[in-house]
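In this text the structure is predicted, and so the values were computed from the model without any measurement.
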Amino acid sequence: MKRKTPHKNPYLPQEIITEILLRLPVKSLLRFKPTSKSWRSLISSKHFVKTHLKNSTKDRTFAHHEIIAATVEDNKYEVQHSSLHPLFLERIAYANRGDFPVDESVDSLHLLGSCNGLICININRNKYFLWNPSTREYKKLPDFDLNSPGLFIEDGFGFDESSGDYKVYAVSYGLFQAVAAKIYSLKINSWTSINYHNNDFLLYHNRQFLLYHNNDFLLSPGTGKFVSGNLHWIRKKKDKWGWRWYITSLDLKNEVYGIVELPSDLNDYSRPVLGVLNGCLSMFCYYQDREYSDLWVLKHYGVLDSWSKIMRIPTNPFREHIEVLFKCGLDLVVYNSKEDHFSDPKMIGHNKVVYVESLVSIVDE
């Protein structure tokens, strides 16, 4: 009689299991967490969450990136999301309704931006929320104290890496002065007043509100771009050589204002637009009387000489002419620098934000 070979249980070293799990999307990891105590402990650990986020961010296929869009129809707001990856292939992305709760009391909804997979949302001007679309966690922040004279809000969302704290900045402006400037800290769950750097006030000019202070003005109150621990806004100032562009910044660690200098070459543009490209501060610069625009990138933050013009792009996004996703007004366009060609990906929504899937918890913070 032939003897049976004893059955051996399959076994994978823990480091191999961890490596496999780190490559999976958040949706799968959330499904696997309840299977065992060891997996729950592993997937919930700070090291795993941080490493998974790092891997997802660096994935050049954008398989772990999503787009959030705010839509409004018949005065009813919705938040929808879709995968970013198809926009570089089929040029169409099918949106799904998000899990963020929006009811009939919402009169305005604005997506400030994303940071480590978290989305910051402003509703009805003085209500802020943090939301992780991947884990479906969300948190309502204490209301921002918007005094009655406040007409417009300038704000921003970012991460203070030194303290591991997520922060929201907001300042409301009246017709004659800044009413209140505050920073919200997720760790202490409260707003703290800070000294505003200028006595700016609102000026109504050419059918739009401009922030004005002596001889400099901000194009309009808006949302700051987060790069290297700082929020950024574009300004224009008049000196003895004429008008020139510059960037104001807010350091979220020390909660102080500063200036990011620009090379003199950028003063020829009619209206630069701030952005973020590969984690670097960027400027999309329009010429008023030419058929192209330039994309500049600050390759080393804080180093003036590291501003570099990396591409020249036809101004008309629908002209038949490395792929870069641009937010062009209210729309998204994909530019292929190799083929010198723009395409128009189909996605609805008036306010769009790209984010990376993450396991970062708002509750645990």
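Listed by chain and number, the residues in a side-chain hydrogen bond (donor to acceptor under 3.5 Å, both in side chains) with T18 are Q14 (sequence neighbours excluded). Under the ring pair (Phe, Tyr, Trp, His ring centres under 6.0 Å) criterion, F48 pairs with no residue, sequence neighbours left out. Y128 is linked by a side-chain hydrogen bond (donor to acceptor under 3.5 Å, both in side chains) to N122, D155, counting only residues two or more places apart in sequence or in another chain. Residues forming a side-chain hydrogen bond (donor to acceptor under 3.5 Å, both in side chains) with S163 (at least two apart in sequence, or on another chain): D160. Contacts of E161 classified as salt bridge (Lys or Arg N to Asp or Glu O under 4.0 Å), with partners at least two apart in sequence or in another chain: none. Residues passing the ring pair (Phe, Tyr, Trp, His ring centres under 6.0 Å) test with W307: none are found, sequence neighbours excluded. For R40, the salt bridge (Lys or Arg N to Asp or Glu O under 4.0 Å) criterion is met by no residue, not counting sequence neighbours. Residues satisfying the salt bridge (Lys or Arg N to Asp or Glu O under 4.0 Å) test with K140, not counting sequence neighbours, are D143. Taking the side-chain hydrogen bond (donor to acceptor under 3.5 Å, both in side chains) definition, one finds that S36 meets it with S38, sequence neighbours left out. Considering only residues two or more places apart in sequence or on other chains, E261 meets the salt bridge (Lys or Arg N to Asp or Glu O under 4.0 Å) condition with none of them. Taking the ring pair (Phe, Tyr, Trp, His ring centres under 6.0 Å) definition, one finds that F226 meets it with nothing, sequence neighbours left out.
Residue pairs meeting the salt bridge (Lys or Arg N to Asp or Glu O under 4.0 Å) criterion with at least one partner in residues 18-33, sequence neighbours excluded, are E19-R23.
Taking the ring centroids of H232 and Y301, they lie under the 6.0 Å cut-off.
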